Structures are given as C-alpha cells and as structure tokens.
Amino acid sequence: MWEDRVRPRLFTYTGGTKMKGLASYWRLIPQRYNLIGTECNHCKQKFFPPRKICPTCRRHGEIKSYKFKGVGEIYSYTVIHAAPDGFEFQKPYALGLIRLVEGPLVTAQIVDCKPDEVEVGKKVEMVFRKIFAGGKEGTIRYGYKFKLVD
Amino acid sequence: MQVGIVGYGAYVPKYRIKAEEIAVVWGEDAEKIKSGLCVREKSVPSIDEDTATIAVTCARNALEQAKIDPADIGAIYVGSESHPYAVKTTSSMVAEAIEATPVLTAADYQFACKAGTAAMQTVMGMVASKMIKYGVAIGADTSQGKPGDALEYTASAGGAAYIIGAENVLAIIRDTYSYTTDTPDFWRREGAEFPSHGSRFTAEPAYFRHVLAAAKGILEKNKMQPKDFKYAVFHQPNGKFPLNAAKKLGFTNEQVSTGLLTPMIGNTYSGATPLGLAAVLDEACAGDKILAVSYGSGAGSDAFIIEVTKENEKRRNKKTVKSYINKKEYLTYSIYSKFKGKIKGVSLEK
Ligand SMILES: [Zn+2]
C-alpha cells in the first residue's frame, strides 16, 4: 500500500509504452540527477521536491534553487518483496525514507547492500543509477538512489 | 603551454565473481586459467549500473578532487565499447550530472579499450590551444564476454575520469604519442550481443606490436629510458600481457605492479589504462615520472609521459582505487548471469 503511494515520486511509471512520461522525466532531470530543490532565503528552510513558495514565510520569503549535498540517514524503510513491473528482478530490495542533512525526507531505493544490512539511523549517500528502462527500444531513465556509507 | 591533470576520479562496482565460479560451469580447470591469464576475479556491475552510471560516478569523483567550477568545463568525451545507447550520448548525461551544461561540447568515443585515452588526447589538444579551459576525458565500460569464452573470465566493469587543464595541475602530461594500424584482432558488429576475437592473433601482431611501438616511440622522442620512470602502466587485457610488455621494454615488475589491477578486477576495457594510472596517482609523489600506454583493438596504442607535481600530495584523492577494489561482494554464476542479463527469455529491460 505504501509502496503504491511512493511509486509515482520515484519514477514516472511507463508500463509498456515507450514514450509516455518522456517530457516529465526530462523536466525533472535536475532533481533526479543532482537533487536540486529550493531554499527560502528568508527562513533558510530547504525543500525537496522543490517548492515555489515557502509555507512559513509565504510572500515574505524568497525562493531560490538549492543543490542538496546528497548525504543523510535512514529515517525509515521497507523491504519490497512484491516488486512493481520493471523492478521484479531486483527483489528483495530496500526502499528508504532518507532524512537529508538539510532536513527534507526523500524516498529512494537503497542499493549495493542486502536488505538486512539496512537499519534506521544508518548514514547514506546519493549514487547515480539506472532507475528504469522503457524496453529494449525505449529510453533509459537515470536518477538518484542511496547507498550505505562505510 | 603546460597541460596536465587537474583532478581524476575512479570507480569500480562492488560485485565480483571468482574465476573458480566461472570455470566450474564450463568444466575448465580454474587453477590453469588463473595462472594462464593471471586473473583471479573480476568486477561485475550491479543490475542498475551501466557505462553511463560509472562515467558519472568517475566524473563526480574527479570534480570533488579538482574543486573547479563545472561551468568552466568546455568539453566532455566518454570513451567506451558499451555505451548504453547506439544513438544518444553518454557524454551529455555526464555533462548534466556534473552541472557542466549547457555551454560545452561533448561526444562519445569508441576505440575498443583505448577510447578513454583517445579522449584524453583530444581534451589535451583543446586545452593547449586555449579552445577550452578544462576538459573531461572518461574511459568506462561494462564489457561483455560470451558465456564459455575465455573473455568471460576477464570482461569486467569500471572506469576513470580525468579533468585536464593548464593551471594547478597535480600531474603534467609531458608528451603523448600514438601508433595506429588496421588490425582485425577483436570486433563486434552493430547489433551483435557479444564481441568476437582472433584468438591467438590478439597477442603478437595486435597487443604487443602496438604497445611496444608506442612505448618505444615516445621514449625515443623524449630521449628517455625505462629507468627514468618510477611507474609504468600498460593496457591490461589479462594480468600477463602487461608484464611481458614491460619485460620486453626493460621495465621491472616493481615499476608495473602499482598500476596492474587486472588480477583483482579483470579487464575494465576503456577503463583499464585510466584506472591503472589512477591507482598510480593515488600513491605517486612530486617528481615521479609515469609512462602510460593504452591499447585498443582495431588497433592502436596511445602513450603518455606524465610527471607528478606537489599538488598531488596536497590534494590527495580520497576515493582511491584501492578502496574500491577492497570493498567487494562475491556473486554466484547464477546471480552474475541475471545481473548481466544473460538468462534466456528474461529481459531486464521491459
Ligand atoms: Zn521561509
């Protein structure tokens, strides 16, 4: 259930079609490749995914782009055993809620480890990985995942 | 104008498969293979890694050391024989992932295992002619060996990136020299899944002819001898060829051992010479001279004379080649087959 809620934010799910979601994938490249969100100049709060208006300062705030460091810790996680289409060969895998050092929570796969190595509180860092490929002839979509810091 | 390395970054995936694990599948003698090829195990990319993810990781590691503004990067070239797309560049993805876009030029190279060093030569020339301030050259691969073929014991994954510039260099590239001929020792036709090779034909007329000619050529041109170098790196399709080449040229095993990675990680193809050089730079000190000679089937060799500066010790690369090599997890042949998409009827990309 929670997996269903998380899915749309992890990637643009394309099912069998090759082209669907291409424009939204392309638009989100700065977020997906580099964790680019926003920061409120007034209260210094940082947002990911990016917000256009600071909920605290409203029109007094001034929003600018902010690149997250890509480090944080595991706030919570779940192990996926019944994986969605396109991820079935990776199961079982850990899907985590990562608390970035700057504050926001990000949902991402935790890779390069067995699910039983994942624990709440463990330090993680961002890696650049293949997320999804639209068949042998479609586009390959890349983006952030996280791995445990040694 | 002095051109050199401003920063470099290496990456080797965490997974390994041992020669024993492959040999038992094909009924071969693992000990004989290990001593014949001098390869004990090889790196295997994870199910979500490919040449683009490796190239991006290397480029980010290089940028971390170089500490330059990515907007000052004027060119990115990625050399590989396993670019994820036949049409659509790996280099533009790297450019985006290190925020070097949009004002730069980029392209993908292929020249079997020497595509990465060809990229280095290109950016060297562009920096020297003041066409660009910095250029990034990357050699990265996730190479495939046909199941049961000798190449299956060596074809591995990894890469290294070099940021080339004229200021604050941690190593000066004194000279480069290439030797190229039309030699059909190894090839893969468009659409073919696995490469083919000319078996014994790959040694004398291919690897040794080109590597030795390029090495001798650059030494003669610069009036230098093997004893002038602290380190030498030769392309390493297996663990044996580079040692033989070194011996024929008059280099000792000691000069070659730091940059000889194939016994532990296999042949990373376009990543091989760049990674070997990175392993040397991880340890080299001011004044040390390095000879690096790549080899790409088809065929050609690029030789480089590199001299390390004080900057290298001041800004030591923190993500060393050794740290990547030591961090490993072994796979069984069956999981390896799944990771590499070798299981019939199962498409990992759907
Ligand atoms: Zn605010």
Side-chain angles (χ1 to χ4, degrees), chain A residues 10-11 13-18 22 25-36 65 67 69-71 83-91 93 108-114 117 125-150, chain B residues 11-15 44-61 63-64 70 83-88 90 92-102 140 142 191 193 318-319 323-324 326-329 331 335 337-343 346-350:
Chain A
L10 249 188
F11 56 92
Y13 191 60
T14 61
T17 55
K18 287 168 191 126
L22 205 53
Y25 166 75
W26 174 71
R27 265 196 310 275
L28 295 178
I29 278 179
Q31 283 182 41
R32 295 229 161 95
Y33 283 18
N34 284 311
L35 279 176
I36 295 187
S65 142
K67 184 184 180 180
K69 292 188 180 79
V71 289
D85 208 18
F87 289 77
E88 61 272 59
F89 302 120
Q90 301 180 38
K91 71 176 191 285
Y93 61 86
Q109 219 176 315
I110 300 162
V111 295
D112 277 7
C113 65
K114 296 197 174 73
E117 292 171 65
E125 63 184 14
M126 181 185 70
V127 290
F128 182 83
R129 293 294 169 93
K130 209 154 65 169
I131 308 280
F132 191 84
K136 279 225 171 296
E137 294 181 7
T139 56
I140 309 167
R141 308 196 177 179
Y142 298 86
Y144 59 80
K145 292 186 182 181
F146 282 79
K147 69 164 190 179
L148 301 174
V149 177
D150 328 298
Chain B
Y11 180 73
V12 180
K14 161 185 185 187
Y15 298 101
V44 180
S46 180
I47 203 160
D48 60 356
E49 290 185 295
D50 62 15
T51 291
T53 67
I54 292 173
V56 166
T57 310
C58 294
R60 284 180 174 168
N61 287 349
L63 208 55
E64 209 174 297
H83 288 291
Y85 288 92
V87 178
K88 189 187 177 309
T90 308
S92 60
M93 275 186 256
V94 173
E96 196 71 52
I98 62 169
E99 296 182 283
T101 50
T142 53
E193 199 172 347
K318 290 182 185 75
K319 293 185 172 161
S323 67
Y324 282 116
N326 292 341
K327 190 176 164 57
K328 59 184 171 184
E329 186 180 325
L331 299 179
I335 297 293
S337 304
K338 183 176 89 168
F339 274 24
K340 294 293 284 175
K342 291 188 187 201
I343 296 177
V346 174
S347 174
L348 297 178
E349 296 179 345
K350 46 191 270 184

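If you're wondering where the values come from, they're calculated on a predicted model, not measured in any experiment. Note on naming: letters A, B, ... go to the chains in the order of the sequence lines (proteins, then strands), and numbering restarts at 1 for each one.
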Check: Does any N or O in the side chain of B:Tyr85 come within less than 3.5 Å of the main-chain N or O of A:Ile140, such that one atom is a donor and the other an acceptor?
Finding: yes

Gap separating the [atom1] atom of [X] from the [atom2] atom of [Y], nearest 0.5 angstrom:
| X | Y | atom1 | atom2 | answer |
| --- | --- | --- | --- | --- |
| B:Arg60 | A:Met126 | CZ | CE | 4.5 Å |
| B:Ile47 | A:Tyr93 | CD1 | OH | 11.0 Å |
| A:Arg129 | B:Thr57 | CZ | OG1 | 7.0 Å |

Next item on the list: Mind listing the closest non-hydrogen atom pair of B:Val346 and A:Phe89 along with its distance?
Entry: CG1-CZ, 3.4 Å

Notebook entry, point to check: Relative to chain A, which segment of B:Lys88 carries a heavy atom at a distance below 4.5 Å: side chain, backbone, both, or neither?
Noted result: neither

Notebook entry, point to check: By a 4.5 Å heavy-atom criterion (distance strictly below it), what part of B:Ala52 contacts chain A: side chain, backbone, both, or neither?
Noted result: both

Notebook entry, point to check: Near A:Lys114 NZ, under 6.0 Å, is it more than 12 heavy atoms from other residues, nucleotides or ligands?
Noted result: no

Notebook entry, point to check: Does any heavy atom of chain B fall under 4.5 Å from the side chain of A:Tyr142, the backbone, both, or neither of them?
Noted result: side chain

Margin query: Report which part of A:Ile29 has an atom under 4.5 Å of a heavy atom belonging to chain B: side chain, backbone, both, or neither.
Written below: side chain

Next item on the list: In sequence, state the C-alpha distance, the side-chain angles, and the governing distance for B:Glu99 and A:Lys67, and then conclude on side-chain contact (heavy atoms from CB on, under 4.5 Å).
Entry: CA-CA 11 Å; B:Glu99 296 182 283; A:Lys67 184 184 180 180; 2.9 Å; yes

Checklist line | Trace of the side-chain contact (heavy atoms from CB on, under 4.5 Å) decision for A:Asp112 with B:Tyr15 | finding: CA-CA 9 Å; A:Asp112 277 7; B:Tyr15 298 101; 3.8 Å; yes

Note to self: Consider salt bridge (charged side-chain N to carboxylate O under 4.0 Å, His left out). Of A:Lys145, A:Arg141, A:Lys130, which one does B:Asp48 pass it with?
What the structure shows: A:Lys145

